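Computed from a prediction, not measured in an experiment: that's the story for all the values here. For the numbers below, each heavy atom of this structure counts, side chains included, while hydrogens, waters and symmetry mates do not.
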Amino acid sequence: MTQQEKQDIVNYFNSIRNSGRIWIEVEMRHKDKSRFDIKYQTLTGQSTPVNFSTYPYYVWSPNADPNDKWGIELRIYFVSDNTMPVYLSIIAKNNNRNGYEQYDKRINNNEIIWELFSNGFVLGSNEDE
């Protein structure tokens, strides 16, 4: 992904930011929590949520099967429109996850979501941020 493609994606999400059409969440192994918390606070200037047993900030218990989880998984759910950048439309998946029916698209791309955090986005809904 080029820097221009990343910027186009950030611009797109900024354009729909206060629409209620974006949800960002993270899921991780317990051993990755401290590393995530430090990077997230550095990029956003905000602490992670106190509760880490529900989304948007879910940390697996220390005794969870390590074969079930791999590192830090960042996801963004969103409602797309016809202004979505080409590269985003290529990597976005149609969303069919139970409980997230209000969003038609999803991406699991840590690089993009860290970039969004660097540009003022936070976990959860980004309305009124």
#### Entry: NZ on Lys6 to CG on Asn119, rounded to 0.5 Å
10.0 Å

#### Entry: Nearest non-hydrogen partners of Leu88 and Met84, listed with the distance
CD2-CG, 3.6 Å

#### Entry: Met1 side chain near Tyr87 side chain, heavy-atom distance below 4.5 Å
yes

### Euclidean distance, Arg106 CZ relative to Asn96 CG, rounded to 0.5 Å
7.0 Å

### Query
Do Trp23 and Gln102 touch side chain to side chain, with heavy atoms closer than 4.5 Å?
no

## Note on the structure
The reported gap from OG in Ser89 to CD1 in Ile9 (rounded to nearest 0.5 angstrom) is 9.0 Å

### Task
Please confirm whether the backbone N or O of Pro85 pairs with a side-chain atom of Asp8, one donor and one acceptor, at under 3.5 Å?
no

### Query
How far apart are the closest heavy atoms of Phe121 and Ile24, and which atoms are they?
CB-CD1, 4.0 Å

### Task
List the steps, then state whether side chain to side chain contact (heavy atoms under 4.5 Å, CB included) holds for Ile76 with Ile22.
CA-CA 7 Å; Ile76 185 168; Ile22 301 171; 3.6 Å; yes

## Note on the structure
Residues Pro56 and Leu123: closest non-hydrogen pair is O-CD2, 3.9 Å

### Message
If you compare all heavy atoms of Lys33 against all heavy atoms of Met28, which two are closest, and at what distance to 0.1 Å?
### Response
CA-SD, 3.5 Å

### CG-CD distance between Asp32 and Glu73, expressed to the nearest 0.5 angstrom
10.5 Å

### Task
Just do the side chain to side chain contact (heavy atoms under 4.5 Å, CB included) check on Asp37 and Gln41 with the steps written out, would you?
CA-CA 6 Å; Asp37 291 355; Gln41 186 164 12; over 6 Å; no

### Message
Using side chain to side chain contact (heavy atoms under 4.5 Å, CB included), reason through Glu27 and Trp60 one step at a time and then give a plain yes or no.
### Response
CA-CA 7 Å; Glu27 182 176 341; Trp60 284 67; 2.8 Å; yes

### Message
Side chains of Asp81 and Ile16, heavy atoms from C-beta outward: is any pair under 4.5 Å?
### Response
yes

### Query
What distance separates Ser125 OG from Glu25 CD, expressed to the nearest 0.5 Å?
12.5 Å

### Message
Taking the cut-offs as 6.0 angstrom to the six-membered ring centre and 45 degrees off its axis, would you call Lys105 and Tyr77 a cation-pi pair?
### Response
no

### Given Tyr103, Tyr100, Phe13, the one that forms ring pair (Phe, Tyr, Trp, His ring centres under 6.0 Å) with Phe78
Phe13

### Query
Are the ring centres of Tyr40 and Phe117 closer than 6.0 Å?
yes

### Query
Which pair of heavy atoms, one from Arg21 and one from Tyr12, lies closest together, and at what distance?
NH2-OH, 3.9 Å

### Message
Donor-acceptor pair, distance only, cut-off 3.5 Å: does the side chain of Glu101 make one with the backbone of Gly99?
### Response
yes

### Task
Decide whether a cation-pi geometry holds between Arg97 and Tyr55; the criteria are a distance under 6.0 Å from NZ or CZ to the six-membered ring centre and an angle within 45° of the ring axis.
yes

### Query
What heavy-atom pair brings Val59 and His30 nearest, and what distance separates the two atoms?
CG1-CA, 3.5 Å

### Task
Check whether Ile72 and Ile91 end up in the same hydrophobic cluster, where Ile, Leu, Val, Met, Phe, Trp and Tyr are linked by side-chain heavy atoms less than 4.5 Å apart.
yes

#### Entry: Pair Asp104-Asn95, side chain to side chain contact (heavy atoms under 4.5 Å, CB included): steps then yes or no
CA-CA 5 Å; Asp104 69 320; Asn95 179 49; 5.8 Å; no

### Query
Quick one: does Ile113's side chain get under 4.5 Å of Asn109's, heavy atoms only?
no

